[in-house]
Student: 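Encoded as structure tokens, here's the structure I'll be asking about.
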Amino acid sequence: TVLSFLHNTSYRNLELVVADDGSPEWMQAEIRKLPIQKLVASKSNRGIGANTNAGLEHSAGKYILQIQDDWECQGPPQYLEQAVLLMESHSDIGLVQFCGAGIADSEFRIRDFEGPDCYQICRRTPSSAQTQHVYSDLPHLKRSELVDYLGKYREKCRMEECELDYNERFARQSRFQSVFFPCYYNAVFRHTGAGESFRTGSWLRRWENAVVPIARRCKGRSPQLFASAKAIHRQ
């Protein structure tokens, strides 16, 4: 992840911070050999919320490109420079998404920018047919000001709960908007680790996927029973 990022990114005003969530000492020693400026190492595994908070607290930049360790950068090299230029000229843009679900690029174009076409991601409303999530584990560039504004990531909870809580807080605020470049979206970064993810490969995740059809039918026929079963499962 680190080497592919450096090889395929032309922007060079960088501080590389790796937040490691309780890897063995020998592995942390290997991480220190990478061309990075800081290693924020935890002695125990504390979860994505605490690990992300630790990395953010040690990041001094005005903008933060957040990448998990199972993504590879494949360019084009100017993607980060263009994203920084956009945010420098638009103080209301708090986050540039580089990956995610499909997004229609036919509305809310940022027209006063001389770089590649860029579009605002519509906010979620109760009547929206689609919900656009600002997930914390997908590659994205954000203002450190946004980090201070939203507050720390939720800790001591499952990864999905941490992500959804972050998304909900972003959706509720109106100070910052999120945007994407169609030419860079789902193109600059390639996910390499989905098949080895602890989350997607765990017995709990496989069991949850198996009961989804049953849960959907239960939710439609008996919302009260569905809510009770969901509460028991989460507990």
Side-chain angles (χ1 to χ4, degrees), residues 1-75 77-88 93-100 134-157 159 162-163 165-167 169-170 176 178 184 188-193 196-199:
T1 298
V2 171
L3 298 181
S4 67
F5 166 73
L6 290 173
H7 182 71
N8 292 298
T9 303
S10 58
Y11 190 76
R12 281 293 178 261
N13 185 21
L14 301 169
E15 174 195 49
L16 271 65
V17 179
V18 173
D20 179 77
D21 195 25
S23 293
E25 290 185 6
W26 67 265
M27 188 178 294
Q28 292 182 352
E30 290 297 314
I31 296 174
R32 288 188 174 91
K33 298 178 183 178
L34 293 170
I36 61 176
Q37 280 69 56
K38 295 179 183 178
L39 171 61
V40 184
S42 173
K43 294 183 179 180
S44 61
N45 184 273
R46 301 186 299 160
I48 186 174
N51 192 51
T52 304
N53 287 335
L56 293 173
E57 289 170 2
H58 286 81
S59 299
K62 181 178 179 181
Y63 306 106
I64 299 170
L65 178 65
Q66 193 166 313
I67 316 171
Q68 295 290 336
D69 62 359
D70 56 354
W71 291 85
E72 288 185 359
C73 180
Q74 51 193 16
Q78 71 275 13
Y79 74 95
L80 186 55
E81 182 178 4
Q82 292 293 338
V84 170
L85 288 173
L86 174 69
M87 298 181 83
E88 281 284 279
I93 295 177
L95 187 147
V96 178
Q97 290 183 276
F98 289 110
C99 297
V134 181
Y135 280 124
S136 59
D137 69 334
L138 298 179
H140 62 275
L141 178 71
K142 58 190 172 188
R143 294 180 183 273
S144 59
E145 186 180 358
L146 173 67
V147 175
D148 296 336
Y149 186 72
L150 291 181
K152 292 184 177 182
Y153 281 76
R154 183 180 170 188
E155 301 184 8
K156 298 180 180 179
C157 64
M159 184 173 184
C162 177
E163 293 170 342
D165 173 72
Y166 183 86
N167 174 70
R169 280 189 282 162
F170 188 91
F176 296 105
S178 60
Y184 300 144
V188 172
F189 293 96
R190 182 173 65 93
H191 196 197
T192 62
E196 298 180 9
S197 170
F198 291 123
R199 177 175 50 168

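Nothing here was measured: the structure is a model prediction, and the numbers come from that model.
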Student: Please lay out, stage by stage, how I31 and I36 fare under the test side-chain contact (heavy atoms from CB on, under 4.5 Å).
Tutor: CA-CA 9 Å; I31 296 174; I36 61 176; 4.2 Å; yes

Student: Could you check W71, Y79, Y184, F5 and say which one makes a ring pair (Phe, Tyr, Trp, His ring centres under 6.0 Å) with F189?
Tutor: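 Single ring pair (Phe, Tyr, Trp, His ring centres under 6.0 Å) partner of F189 among W71, Y79, Y184, F5: Y79.
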
Student: For the residue pair G61 and I64, what are the closest heavy atoms and their distance?
Tutor: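 Nearest heavy atoms, G61 then I64: O-CG1, 4.4 Å.
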
Student: Taking atom NZ of K38 as the centre, report whether more than 12 heavy atoms of other residues, nucleotides or ligands fall under 6.0 Å from it.
Tutor: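 Enclosed: over 12 neighbouring heavy atoms sit under 6.0 Å from NZ of K38.
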
Student: I need the F176 CZ to M87 CE distance, nearest 0.5 Å.
Tutor: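 So the CZ of F176 and the CE of M87 are separated by 8.5 Å.
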
Student: So, N51 side chain and A19 main chain: donor-acceptor pair closer than 3.5 Å or not?
Tutor: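 Yes; judged by distance alone, with no hydrogens or angles, the pair exists.
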
Student: Can you name the closest pair of heavy atoms from L16 and Q37 and give their distance?
Tutor: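 That would be N-OE1, 2.6 Å.
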
Student: If every non-hydrogen atom of I93 is compared with every non-hydrogen atom of R143, which pair is closest and at what distance?
Tutor: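 Nearest heavy atoms, I93 then R143: O-NE, 2.6 Å.
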
Student: Just how far is it from atom NE2 of H191 to atom CG of D137, taken to the nearest 0.5 Å?
Tutor: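 So the NE2 of H191 and the CG of D137 are separated by 7.5 Å.
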
Student: Of the non-hydrogen atoms in G94 and L146, which two are nearest, and what is the gap between them?
Tutor: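 That would be O-CD2, 3.5 Å.
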
Student: Please name the pair of heavy atoms, one in K142 and one in L56, separated by the smallest distance, quoted to 0.1 Å.
Tutor: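 Result for this residue pair: CE-CD2, 4.3 Å.
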
Student: Has the side chain of S42 got a donor or acceptor atom that lies under 3.5 Å from a matching backbone atom of D21?
Tutor: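 Checking the backbone N and O of D21 against the side chain of S42, no donor-acceptor pair under 3.5 Å is found.
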
Student: When rounded to the nearest 0.5 angstrom, what distance separates CZ in R169 from OH in Y153?
Tutor: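 Nearest 0.5 Å value for the CZ-OH distance: 8.5 Å.
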
Student: Of all heavy-atom pairs between C99 and L138, which one has the smallest distance, and what is that distance?
Tutor: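 Reported closest heavy-atom pair: O-CD1, 3.8 Å.
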
Student: Salt bridge (Lys or Arg N to Asp or Glu O under 4.0 Å), that's the test. Do E155 and R46 meet it? Break it down for me.
Tutor: CA-CA 8 Å; E155 301 184 8; R46 301 186 299 160; 5.2 Å; no

Student: Taking atom CD of E72 and atom CG of N8, what is their separation to the nearest 0.5 Å?
Tutor: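 Reported value, rounded in 0.5 Å steps: 9.5 Å.
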
Student: For the atom pair CG (L65) and CG (L14), what is the distance rounded to the nearest 0.5 Å?
Tutor: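 Taking CG in L65 and CG in L14, the distance rounds to 9.0 Å.
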
